[in-house]
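Take a look at the structure below.
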Amino acid sequence: MKALAWHGKGDIRCEEVPDPAIEHPRDAIIKVTACAICGSDLHIYGGIIPEMRSGDVIGHETMGEVVEVGPGNQKLKVGDRVVVPFTISCGECFFCRNGFFSACEQSNPDREKAAKLWGNAPGGLFGYSHLLGGYAGGQAEYLRVPYADVGPIKVPNHLSDEQVLFLSDIFPTGYMGAEFCDLKGGETVAVWGCGPVGQFAIRSAFLLGAERVIAIDTVPERLQLARDAGAETIDFLEEDVYDVIMDKTKGRGADACIDAVGTEAEPSSSLMARWDRIKVAAFMGTDRPHVLRQAIHCCRNFGTVSVIGVYGGFLDKIPFGSAINRGLTFRMAQTPVQRYLLKLLQLIDDGKIDPTVVITHVAPLEAGPKLYETFRDKADGCIKVVLKPGMTETLPDTAKERAHA
Ligand SMILES: NC(=O)c1ccc[n+]([C@@H]2O[C@H](COP(=O)([O-])OP(=O)(O)OC[C@H]3O[C@@H](n4cnc5c(N)ncnc54)[C@H](O)[C@@H]3O)[C@@H](O)[C@H]2O)c1
Ligand SMILES: [Zn+2]
Ligand SMILES: [Zn+2]
């Protein structure tokens with residue numbers, strides 16, 4: 001089959017790889033009808049995710065049709081149309097039983113290695129290195145889904161692929177980011193990053209009762225999409241984010257701050273942020289936590305900092321003194337996607353949210369390598385790329401029509 005494989009920093013190729021096969025009775029094989037490129041894939045593309053091997057098949061936002069089911073899988077049958085969460089979860093361990101699916105104790109065969117770095121290990125993820133299971137990813141024609149009687153959700157045929165695909169990751173992730181803020185109604189929420197994840201965080205914050213959302217980025221079309229959802233926006237290269245947020249909140253700070261940027265934050269005028277870049281480039285540091293620092297400083301006393309942007313290692317110069325002295329709450333996670341699926345599918349079906357608004361590019365799988373570059377560079381107005389194996393032509397502007405057809 002064809003798949004997107006990683007061969008090093010900035011080197012992703014669409015190439016022939018062996019077809020996946022059932023390896024365990026609970027597995028299923030999915031014929032992929034649509035998959036997407038995530039901001040988390042950009043960390044792999046940028047060469048900052050450790051334990052990647054040349055030839056690893058990547059991708060973790062995938063949906064399709066079940067074409068083969070293992071003999072121990074009672075939930076799925078051939079022909080089912082499913083969305084596959086990016087987190088791989090057994091459904092039986094302590095964490096799965098408590099709804100913390102992304103911390104599954106059975107799905108990550110690289111547990112020991114991960115625990116050396118992080119003290120303990122999270123669960124396995126599709127297409128995300130040999131720290132997180134080394135599973136082949138879903139930017140491919142076919143995907144083997146382990147524990148396929150736990151993760152995949154069947155989706156109704158009246159909803160298009162574009163409407164439901166983001167249940168695999170970015171919609172639950174943005175929603176979780178807003179849910180972490182514990183909104184009661186009437187709050188001001190600041191969201192750093194107006195990429196696809198930030199867009200879902202903004203919309204979810206409003207759905208959960210925020211009165212105002214202040215969204216921060218510098219890319220004009222992403223800021224515009226945030227305004228379309230009702231947010232006020234700050235361009236971090238044009239204005240001082242801290243000053244503007246303090247101004248807008250009468251000096252108190254935002255009730256909750258969501259970091260939807262993570263480790264590859266661009267520096268603003270801050271010297272510390274530029275220093276992050278130098279340190280990471282010189283292998284003296286692991287992450288660029290500029291946004292996290294800013295989110296802490298901009299959060300009101302006893303407010304919540306919700307971290308959904310991904311970090312990898314040991315973050316430098318985090319103002320923890322500010323956090324303890326002012327009573328901040330920190331929430332963060334790789335999303336336990338399965339926990340949110342039914343609720344969010346219902347929101348889509350009820351028309352409460354239109355996930356297709358983030359899609360700017362729909363293209364065949366073969367266009368993947370080029371579109372990784374386009375997405376990374378935020379070129380050509382790119383906000384979210386959907387790849388469709390088997391599609392024969394590139395239809396950049398028709399995502400919405402296709403979704404509503
Ligand atoms: N927690 C999870 O389970 C989970 C799931 C999916 C994605 N993620 C993470 O969420 C993050 C965002 O993903 P995405 O797909 O939206 O990626 P993206 O790269 O498209 O979006 C990031 C956005 O942040 C903006 N940005 C950069 N520096 C900034 C700064 N200093 N201030 C404000 N904005 C800044 C960029 O312009 C960009 O629009 C990534 O770190 C990704 O790994 C986490
Ligand atoms: Zn993702
Ligand atoms: Zn488990």
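Ligands are counted one by one from 1 in listed order, and the atoms in each one are counted from 1 as well.
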Note, [X] side chain near [Y] side chain (heavy atom, < 4.5 Å):
{"X": "K388", "Y": "E162", "result": "yes"}
{"X": "K31", "Y": "V66", "result": "no"}
{"X": "F200", "Y": "T173", "result": "no"}
{"X": "F171", "Y": "I348", "result": "yes"}
{"X": "R13", "Y": "L4", "result": "no"}
{"X": "V357", "Y": "Q199", "result": "no"}

Against heavy atoms of [X], which atoms of ligand 1 measure under 4.0 Å?
{"X": "R222", "answer": "18 (P), 20 (O), 21 (O), 38 (C), 39 (O)"}
{"X": "C38", "answer": "6 (C), 7 (C)"}
{"X": "A265", "answer": "28 (N)"}
{"X": "I216", "answer": "33 (C), 34 (N)"}
{"X": "V291", "answer": "30 (C), 31 (N), 32 (N)"}
{"X": "H290", "answer": "31 (N)"}
{"X": "F375", "answer": "20 (O)"}
{"X": "D169", "answer": "5 (C), 6 (C)"}

Looking only at distances, can you tell me whether any N or O atom of [X], backbone or side chain, sits closer than 3.5 Å to an N or O atom of ligand 1?
{"X": "A260", "value": "no"}
{"X": "I308", "value": "yes"}
{"X": "H43", "value": "yes"}
{"X": "V310", "value": "yes"}
{"X": "Q334", "value": "yes"}
{"X": "E266", "value": "yes"}
{"X": "G262", "value": "no"}
{"X": "F86", "value": "no"}
{"X": "S40", "value": "yes"}

Do [X] and [Y] pair up side chain to side chain, a donor and an acceptor below 3.5 Å, judged on atom types alone?
{"X": "S89", "Y": "Q338", "value": "yes"}
{"X": "T374", "Y": "D380", "value": "no"}
{"X": "E179", "Y": "Y340", "value": "yes"}

Is the contact between [X] and ligand 1 made by the side chain, the backbone, both, or neither, using heavy atoms and a 4.0 Å cut-off?
{"X": "K378", "answer": "side chain"}
{"X": "Q199", "answer": "neither"}
{"X": "V241", "answer": "neither"}
{"X": "A273", "answer": "neither"}

In H60, the N/O/S atom nearest the Zn ion (ligand 2) carries the name NE2

Looking at D169, the N/O/S atom that lies nearest to the Zn ion (ligand 2) is called OD2

Subject >> Heavy atoms of other groups near I324 CD1, more than 12 under 6.0 Å >> reply: no

### Query
For F330, does the CZ atom sit with more than 12 other heavy atoms under 6.0 Å from it, leaving out its own atoms?
yes

Can you tell me the protein heavy atom closest to [atom] and the distance?
{"atom": "atom 4 (C) of ligand 1", "answer": "T173 CG2, 3.5 Å"}
{"atom": "atom 40 (C) of ligand 1", "answer": "V261 O, 3.5 Å"}
{"atom": "atom 29 (C) of ligand 1", "answer": "F236 CE2, 3.4 Å"}
{"atom": "atom 13 (O) of ligand 1", "answer": "V197 CG2, 3.5 Å"}
{"atom": "atom 19 (O) of ligand 1", "answer": "L42 CD1, 3.9 Å"}
{"atom": "atom 23 (C) of ligand 1", "answer": "D217 OD2, 3.6 Å"}
{"atom": "atom 17 (O) of ligand 1", "answer": "G39 CA, 3.4 Å"}

Partner of F166 under side chain to side chain contact (heavy atoms under 4.5 Å, CB included), picked from I353, T356, V386, is V386

Partner of L208 under side chain to side chain contact (heavy atoms under 4.5 Å, CB included), picked from V189, L183, D182, is L183

Which of Y372, F375, W6 passes ring pair (Phe, Tyr, Trp, His ring centres under 6.0 Å) with Y45? Answer is Y372

Worksheet item: So is T218 in contact with ligand 1, going by heavy-atom distances below 4.0 Å?
Response: no

Determine whether any heavy atom of A333 lies closer than 4.0 Å to an atom of ligand 1.
yes

So NZ of K75 and CG of D80: to nearest 0.5 Å the spacing works out to 9.5 Å

Value for CD1 (I22) from NE2 (H24), rounded to nearest 0.5 Å, stands at 11.0 Å

| message | One pair to check against side chain to side chain contact (heavy atoms under 4.5 Å, CB included): I12 and H7. What are the steps and the verdict? | response | CA-CA 6 Å; I12 281 166; H7 285 279; over 6 Å; no

task = If the plane angle is over 60° it's perpendicular, under 30° parallel, otherwise tilted; pick one for Y128 and H60.
result = perpendicular

